[in-house]
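Since the structure comes first, as structure tokens, the remarks are kept for the end.
On a predicted model such as this, the values are computed, not experimentally measured, just so you know. Letters A, B, ... mirror the listed sequences (proteins, then strands); counts begin at 1.
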Amino acid sequence: MMRFGILLLGAALGMAPLEGQKPLVPALSHYTLKNGLAVVLSENSDLPLVSVVVGYSAGSIHELPGKTGVSYLLEKLMMSAGSANVAPFAQILDINRVGGSLNANALEDQTLYYQTVPSNHLAMALWLESDRMRMLDITEENFEKARGELLQELQDRKTTESYLTSLLAFDQLIYSDFPFSHSLLGEEIDVRNLTLEDVRSFYEARYAPSNAVLCICGDFNKLKARELVARYFESLPAGKSAPTAFEPPYRIKVLVDKTMVDAMASAPGVFIGFRLAAPASEYYPIMTLLDFVLMRGRSARLPRRLLNREAKIAFQLSGGIEHRLNRSVYKIFIAASQIQIPFCRAAVFAELEKLKTKFLGESEIAKAKTLFRQNILSRTTPTIDRAIFLTESYWIYQSAGRTLDDLGKDLESVLRVTASDLVGIMARYFTLDNCVILQVRMK
Amino acid sequence: MVLLLGAAGAVGTAAFGQERFRQKLPAPEPRPELKLPRIESMTLSNGLQVSVVYRESTPFISLHLIIAAGESVAPPQTPGLATLAAGMFGQGTMLRPAAELEEMIESMGGTFSAQADQDVILLGFHFLEEYLDPALDLLGEMVLQPRLGEREVQIVRSMISAEMSTQERSPYFVARRFMLRLLFQGHPYEQLLFSREALKSWNVRDLQAFWDRFIGPNNAQIIVTGDLTVNTVSRKVSHVLNTWRPSNTKAGILPSPRPPALDRVCFIEIPQATSCAIYAGTVLPLLVTGERFALLVLHQLLGGSINSRLFMNLRNSKGFAYEAYSQPEFYRAGGVFSLRALVRPEELAASVRELLAATRGLIKEAPAQREEIDEAKSILLGGFPRQIDRYDDFSGYLASLKASGAGDELWGRFPELILEVDAERILQTAQKYLTQPFLVVIAGSREQCWEPLSEFETVEIYDAKGQLKSTNRKQRSP
């Protein structure tokens, strides 16, 4: 559930890629159908593959109190229920039969459905997605089955997944307002109380062309793809405009430092978090680079300090920037022995303090920028990864009233961040009055 | 009322979803051609083979160094030595410690991995294209000036031990490993299946001897994928590795492993396991190209996906298993054809019977039908580009072909060789290899599996360490 995106928005500086380097984002085009469906196309004919992703602005942040879990339950239904012209599970079999693959990913602010097929089967992928976009067959039977699976998953994960309970408790503290802080899995009592009508209402409200983006990447002819998109999607009704306004993000203002017992903790742990600038903020490119300085790679500041071979003081370290629509936070999680936890906490704050008071050396900044480039290029080179990246990016830009036209320029702006930018961002956001700590004890 | 709508459609008209064109699966376009770039190769003066695959649009360079120094050539008294040697590549060099090495690799936007299997040590190094020269310099340093010290041996020992400890919680892992150990008993491939106890025998002296004996350019090949030519790469590689001294020994050709003498069923206990895994396998000799591809198609229709016979039968139809698949593996001296399933414990015996019956049924009762063969080929042909879409998968696939001893002619001919397979060839392959005895290994907890095991005629019972404890025979009613 932790989603550490490096998606960012910043001031579009209008600059070209650095000389000699391939652009971070490949060429793309986009348009919108009359029914509101956003379409993003990005061609690449290296291999005869095409990936189709449909992203819906439908996640746990859109759930109402007492109805948590409906978004995730609907994802299960989308993968198993039939639709007007497609039998139950037929999508999985049809895609597999041609050597394709498919999956879905439910996130707090969106749900993605994706498949990769040989490029001569693009029409099939679009047919399948269009059929379930407005014509999913939600029945009492398949709803109950999906509910049963979700309840089982809730139970399984709570009894097998280390730190899940404490992670969810930490989310309550660091996000604090209901839409963003509750669990994507839902509360058991809410899931048990969900009705068929609840699920149908959520589907009607959120699974509509006006609330979706269709992304096609890979080996296809643009003109032909546009014709197919029109054929399968243009006649779908737009759907009602789904409300998406959320409170703007706000600082915590006072240190939150709590302790809890987690029955599934395999070792003592500590979560440390800070609220950050919204993805639309001018500070976000700087935050993005800071993440690579602090956390990404074995030679980044925190792994080097806590996991180094000479004196490994932590068993586990993870974290980074996490965003849920217009909220971003920085999370750090450490598992260590009871005696080492205070040292780990102190080590984290010591590293943060260094970054506030000393400019980073050129070589460390250069390394962070290289890792950032490598990360983005890794995410935009394979067909399916590129399609998912563009789909996820679309929603962030859309929520800020912007378009993907700025994506390339915004990514390039990370490569222009300076040492003094980094010191400034540390002083602004990594302060004790903007900090949440949750210490985890074993049972 | 069904409205016929053309391609443009009409927004908001009645009866969306009932347009006639939506009512059936759209027909595909003609199958697209898969064009793979050529491999160009040269051999340097010190014997190192250099191959380059040109890929224009990728911003990365992938480099694989394959050294014919797998576990099959490790001394029997120190199994795992190839794994230790592979692990040493990331432990620093005589010029810099491991932490500095890691930092340099990350500074190139790079990742590095090293592992050993039964045939080779395989190093993988991927980095941003603008760092080709420093990456090659670093690779040269790792190969020519490794840090083979006591401390580094201990670090690798700890890492491998921790990894094995985690893997040993998986019934699938335990079942497969034990199956391979028994299948390869008495063959050099058995040395890959070393236990955690074996790690204690690792020492610097034996490691150095293994290194001198096998790690050399005359026993190695390097494959580079990127926006490069073979001349450029050869020149740069030669500059960095021209002082790499040939190893004392070049890996030879191993005999093919022998199939089991008869069907056997074995149980290996995993305390507290929550699921029950079956692995059933038989060995393969070194296959000619035609047989290899016939076996791939056979595997696909038998157990390659959720559309295949095993999955549809054991899971969808009978409800015995959560999943059931087959898998061929090709090594330099042969290979393995295996079946695997994760089953409900009460259906253990029935699952084993169904797995073997479904497999052998291809020969007589239910030979492969035209429609199935076409679907299997469609899945293989359609799925192949996905396997090589990522830059590291692309070069990794080529590296695995070369590591298994397959010639360059298989690269780029995948579609053609799949299309050549027909029902007769599948039947011949099935008759030749699937009539062989199978070794069946069941892994799970004693609590779950003990009673179902009594349904087998004979079961060998092994403890968690793989020691034979007893052989149970079915009680016959008087």
* Structure fact -> Of the listed B:Ser107, B:Ser305, B:Ala98, B:Gly383, the one with the largest count of heavy-atom pairs under 4.5 Å with chain A is B:Ser107
* To do: Give the member of B:Leu36, B:Thr58, B:Thr111 that has the highest number of heavy-atom pairs under 4.5 Å with chain A.
  => B:Thr58
* Got a salt bridge between B:Glu102 and A:Arg304, using NZ or NE/NH1/NH2 to carboxylate O under 4.0 Å? -> no
Given that the side chain runs from C-beta out, which part of [X] has a heavy atom under 4.5 Å from chain A: side chain, backbone, both or neither?
X        : answer
B:Pro37  : neither
B:Asp374 : neither
B:Leu25  : both
B:Glu33  : backbone
B:Tyr131 : side chain
B:Gln300 : neither
B:Lys377 : neither
B:Leu381 : neither

Can you tell if the side chain of [X] reaches within under 4.5 Å of the side chain of [Y], non-hydrogen atoms only?
X        : Y        : answer
A:Leu49  : B:Arg386 : yes
B:Glu106 : A:Arg296 : no
A:Lys367 : B:Met108 : no
A:His121 : B:Glu29  : no
B:Arg22  : A:Tyr232 : yes
A:Gln374 : B:Phe60  : yes
B:Tyr391 : A:Leu377 : no
B:Glu19  : A:Ser235 : yes

Measuring heavy-atom distances to chain B, does [X] have an atom under 4.5 Å in its side chain, in its backbone, in both, or in neither?
X        : value
A:Lys369 : neither
A:Ser51  : neither
A:Leu47  : side chain
A:Ser378 : both

Identify the heavy atoms of [X] and [Y] that sit nearest to each other, and give their distance.
X        : Y        : value
B:Arg31  : A:Asn120 : CA-ND2, 3.5 Å
B:Leu34  : A:Pro48  : CD1-CD, 3.5 Å
A:Pro118 : B:Gly382 : CG-CA, 3.5 Å
B:Gly109 : A:Leu371 : CA-CD2, 4.4 Å

* Asked: Are there more than 12 heavy atoms of other residues, nucleotides or ligands under 6.0 Å from atom CD of B:Gln272?
  -> no
* Structure fact -> Separation between CZ (B:Arg20) and CG (A:Asn85), nearest 0.5 Å, reads 12.5 Å
* Separation of B:Asp389 CG from A:Asp46 CG (nearest 0.5 Å) -> 8.5 Å
* To do: Please confirm whether the backbone N or O of A:Gly99 pairs with a side-chain atom of B:Ser378, one donor and one acceptor, at under 3.5 Å?
  => no
* Asked: Would B:Ile379 and A:Val98 satisfy side-chain contact (heavy atoms from CB on, under 4.5 Å), going step by step from the backbone distance to the final call?
  -> CA-CA 5 Å; B:Ile379 293 172; A:Val98 303; over 6 Å; no
* Compute whether any side-chain donor of one residue and acceptor of the other, for B:Arg390 and A:Thr383, lie under 3.5 angstrom apart. => no
* Against chain B, work out which of A:Ala300, A:Gly100, A:Ser119 has the most heavy-atom pairs shorter than 4.5 Å and name it. => A:Gly100
* Could you check which of A:Leu93, A:Asp219, A:Val117 has the highest count of heavy-atom pairs closer than 4.5 Å to chain B? => A:Leu93
